[in-house]
Amino acid sequence: MQGRHSATFYRQHSTLALSQLLLGCELVHESGEGITAGIIVETEAYLWGDPACHAYRKKTARNAAMFGPPGTLYVYLIYGLYYCVNVVGGPEDQGEAVLIRALQPTRGQDLMALRRTLHPKSLLPGAQKFFGERDLCSGPGKLVQAMGIRPEHNGLSLEEPAIYITTPVISTFDTVTTTRIGITQGAELPYRFYIRDNKFVSKKG
DNA sequence: TTTACGATCCCCT
DNA sequence: GGGGATCGTAAAC
């Protein structure tokens, strides 16, 4: 059994450092439906003074969770269709966070596939009905769906019993540092990190 | 009060 | 490789 990261861990490192330290750690959700888990293989940092950061201008109703203590979950709706999940980093009250962009599934793959299949959009005629392992968590919207993370998780702490991140389960890998995906402002900043040659990463580059 | 747009995903060409 | 879906948020009027 792997240990879980503590509040101290989230407090002790900068958000940029956290973005890299979370690679190789396992995100676990013990839900009523069952347990799902996956190794974090891709992250992005959103920092103070960063124009792409949701907290760039000021604290609002949407981004309030970003100003919670390090180790808080920030879940938000994107494009009116999907949700993304972040881990709030320190220093506290700076509105910084780490976007979890991809997981390598380790537990509950069947449940993940079920959740992805049962998503309302997937029930539309002609929608994809089968998911290979690579399709479960290879993107920020996908992994939220597969892990059963919902808007109600916004503002919760990773100290909660049912949702947490473990200490590293793999450690021998190279980290690629590159630019973030899907943004216009701050696009040149090297704030994206992923495990080299891991097939569950959303995109190369 | 109105409007433009986004840290995405999936299907179609 | 490109575009449409879809809606809450926040900036602009």
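Chain A is the first sequence line, chain B the second, and so forth, proteins listed ahead of strands; every chain is numbered from 1.
- Listed in residue order, the members of residues 88-99 of chain A having a heavy atom less than 4.0 Å from DNA chain B are A:Leu99.
- For A:Arg116 and B:dC11, the CZ to C1' distance is 14 Å, given to the nearest whole Å.
- B:dC5 sits 16 Å from C:dG3 when the C1' atoms are compared, rounded to a whole Å.
- Using a 4.0 Å cut-off between charged side-chain N and carboxylate O, A:Glu44 and A:Arg180 make no salt bridge.
- Atom OH in A:Tyr83 sits about 15 Å away from atom P in B:dA7, given to the nearest Å.
- A salt bridge between A:Arg115 and A:Glu33 is present, with a side-chain N of the basic residue lying under 4.0 Å from a carboxylate O of the acidic one.
- You'll find the side chain of A:Ile78 reaches within 4.5 Å of the side chain of A:Tyr76, heavy atoms only.
- Under the salt bridge (Lys or Arg N to Asp or Glu O under 4.0 Å) rule, A:Glu42 has a single partner from A:Lys142, A:Lys203, A:Arg192, which is A:Arg192.
- Residue contacts for A:Arg62: at a heavy-atom cut-off of 4.0 Å it reaches the sugar-phosphate backbone alone, with no base atom in range.
- Atom pair A:Arg57:CZ and B:dG6:P shows a separation of 12 Å (rounding to whole Å applied).
- Not less than 6.0 angstrom separates the ring centroid of A:His54 from the ring centroid of A:Tyr46.
- The side chain of A:Leu77 lies closest to C:dG8, out of C:dA11, C:dG8, C:dT6.
- Side-chain N/O atoms of A:Glu30 and A:Tyr164 include a donor and acceptor closer than 3.5 Å.
- One can place CG of A:Leu81 at 10 Å from C1' of C:dG4, the figure rounded to the nearest angstrom.
- Rounded to a whole Å, the CG atom of A:Leu136 is 17 Å from the C1' atom of B:dT8.
- Taking 4.5 Å as the limit, some side-chain heavy atom of A:Tyr74 sits within range of a side-chain heavy atom of A:Asn63.
- Rounded to whole Å, atom C1' of B:dC9 lies 13 Å from atom CG of A:Leu143.
- Here A:Arg101 reaches the OP1 or OP2 of B:dT8: one of its side-chain N or O atoms lies under 4.0 Å away.
- Rounded to whole angstrom, the span from the CZ atom of A:Arg134 across to the C1' atom of B:dC9 amounts to 13 Å.
- Inter-residue side-chain proximity for A:Ile163 and A:Ile149 is flagged as met; some heavy-atom pair is nearer than 4.5 Å.
- In the set B:dA7, C:dA11, C:dG8, the nucleotide with an atom closest to the side chain of A:Lys58 is C:dA11.
- Rounded to a whole Å, the OH atom of A:Tyr79 is 14 Å from the P atom of C:dG4.
- Side-chain atoms of A:Glu96 come within 3.5 Å of backbone N or O of A:Trp48 as a donor-acceptor pair.
- Stacking between A:Tyr76 and B:dA7 is absent: the aromatic ring centre is not both under 5.5 angstrom from the base six-membered ring centre and within 30 degrees in plane angle.
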Taking Watson-Crick and G-U wobble pairs with both distances under 3.5 Å, convert DNA chain C into its dot-bracket string, 5' to 3', dots for unpaired and | for cross-strand pairs. |||||.||||||.

